[in-house]
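Below is one structure, written out as structure tokens, with a few remarks after it.
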Amino acid sequence: MTPTKTPPDFFDMVYQVVRLIPKGRVTSYGAIAKYLGAASSSRLVGYAMNGAHSQKPKVPAHRVVNRQGLLTGKHHFASPNLMQQLLEKEGIKIKNDQIVHFEKYFWDPQKELAL
DNA sequence: CGATTGACGTACG
DNA sequence: TCGTACGCCAATC
């Protein structure tokens, strides 16, 4: 219905990219936004994650952190420590809610996907 | 329908 | 280096 409806393709794109994040890697909202061509709309990426858990294929939102490598969205998970647990489970070290060697685990879609 | 908020990032002082 | 302001777009009140 509502053929004039404007589907949030941007949100869907975000989910797709997040699913492409390899295990043991992390990325930032801005990186995804830039990859989608919306570097200025980095907030939309975070907002998209808001409905990530609502998506059918579960979106590994725990692999998405802010530019500082800080687990800013951990409070949005089922449990605030769940995000850290998942990351640590993948071999990522976290200190004070911040990813250690974040730059080392950083996964840039623009670079990895090399479009 | 208007105003506010938000899982960010960059710019400016 | 740190703090504040702005932008961007959608969802919510």
Side-chain angles (χ1 to χ4, degrees):
Chain A
M1 327 89 88
T2 61
T4 53
K5 170 186 169 189
T6 53
D9 287 341
F10 185 86
F11 281 48
D12 200 24
M13 293 290 283
V14 175
Y15 304 137
Q16 294 291 343
V17 176
V18 174
R19 287 193 209 118
L20 294 174
I21 301 174
K23 182 181 175 190
R25 297 287 193 208
V26 290
T27 190
S28 62
Y29 304 95
I32 297 172
K34 248 176 200 185
Y35 176 73
L36 298 177
S40 307
S41 306
S42 46
R43 289 175 137 166
L44 278 304
V45 180
Y47 204 92
M49 294 284 101
N50 208 322
H53 73 92
S54 189
Q55 295 303 307
K56 281 310 163 184
K58 189 181 165 192
V59 180
H62 62 272
R63 291 181 185 159
V64 186
V65 295
N66 66 351
R67 200 54 166 165
Q68 306 172 13
L70 192 68
L71 284 56
T72 53
K74 68 177 187 177
H75 273 286
H76 290 256
F77 285 79
S79 296
N81 54 317
L82 177 63
M83 187 175 188
Q84 182 173 339
Q85 289 291 313
L86 290 170
L87 292 172
E88 288 182 333
K89 189 175 182 180
E90 300 201 352
I92 298 175
K93 306 275 176 74
I94 301 185
K95 182 78 172 201
N96 197 7
D97 295 339
Q98 185 174 357
I99 297 176
V100 181
H101 301 289
F102 169 65
E103 193 175 282
K104 180 179 175 182
Y105 296 113
F106 186 71
W107 180 82
D108 189 345
Q110 288 178 126
K111 182 178 179 180
E112 299 299 321
L113 299 180
L115 289 186

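Given the structure is predicted, the values throughout are model-derived calculations rather than measurements. Per chain, numbering begins at 1; letters A, B, ... match sequence-line order.
Rounded to a whole angstrom, the distance from the P atom of B:dC1 to that of C:dC8 is 22 Å. Here, C:dC2 and B:dA7 have their C1' atoms 24 Å apart, quoted to the whole Å. Across B:dT4 and C:dA5, the matching P atoms stand 16 Å from one another, rounded to whole Å.
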Problem set entry | side-chain contact (heavy atoms from CB on, under 4.5 Å) between A:H62 and A:E90, intermediate numbers included | CA-CA 11 Å; A:H62 62 272; A:E90 300 201 352; 3.6 Å; yes
For this session: Run the numbers on A:L71 and A:F77 for side-chain contact (heavy atoms from CB on, under 4.5 Å), then give the verdict.
Result: CA-CA 11 Å; A:L71 284 56; A:F77 285 79; over 6 Å; no
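Protein atom CG of A:N50 is 10 Å distant from nucleotide atom P of C:dA11, rounded to whole Å. Between the CG atom of A:L36 and the P atom of B:dC8 there is a distance of 16 Å, rounded to whole Å. Residue A:F11 contributes atom CZ, which lies 14 Å from atom P of B:dC8 at whole-angstrom precision. The distance from atom CD1 of A:I32 to atom C1' of B:dC8 is 11 Å, rounded to the nearest whole Å. To the nearest angstrom, P of B:dA7 lies 17 Å from CD1 of A:I99. Rounded to an integer number of Å, the gap from CZ of A:R67 to P of B:dA11 is 12 Å. Atom CD in A:Q68 sits about 14 Å away from atom P in B:dA7, given to the nearest Å. When the C1' atom of C:dA10 is taken as reference, atom CE of A:M49 falls 14 Å away, rounded to whole Å.
Across all strands, A:A61 comes closer than 4.0 Å to base atoms (heavy-atom distances). Residue contacts for A:R43: at a heavy-atom cut-off of 4.0 Å it reaches a base atom on one of the strands shown.
Between A:T72 and B:dC8, a side-chain N or O to OP1/OP2 separation shorter than 4.0 Å is present.
With A:Y15 contributing its side chain and A:K58 its backbone, the two residues share no donor-acceptor pair below 3.5 Å. In terms of modelled atom types and a separation under 3.5 Å, the side chain of A:Q98 and the main chain of A:Q68 share a donor-acceptor contact. Side-chain N or O atoms of A:R63 include none that pairs as donor or acceptor with a backbone N or O of A:V26 at under 3.5 Å.
For B:dC8, the base has a donor-acceptor partner in the side chain of A:S42 [N/O atoms by modelled type, under 3.5 angstrom].
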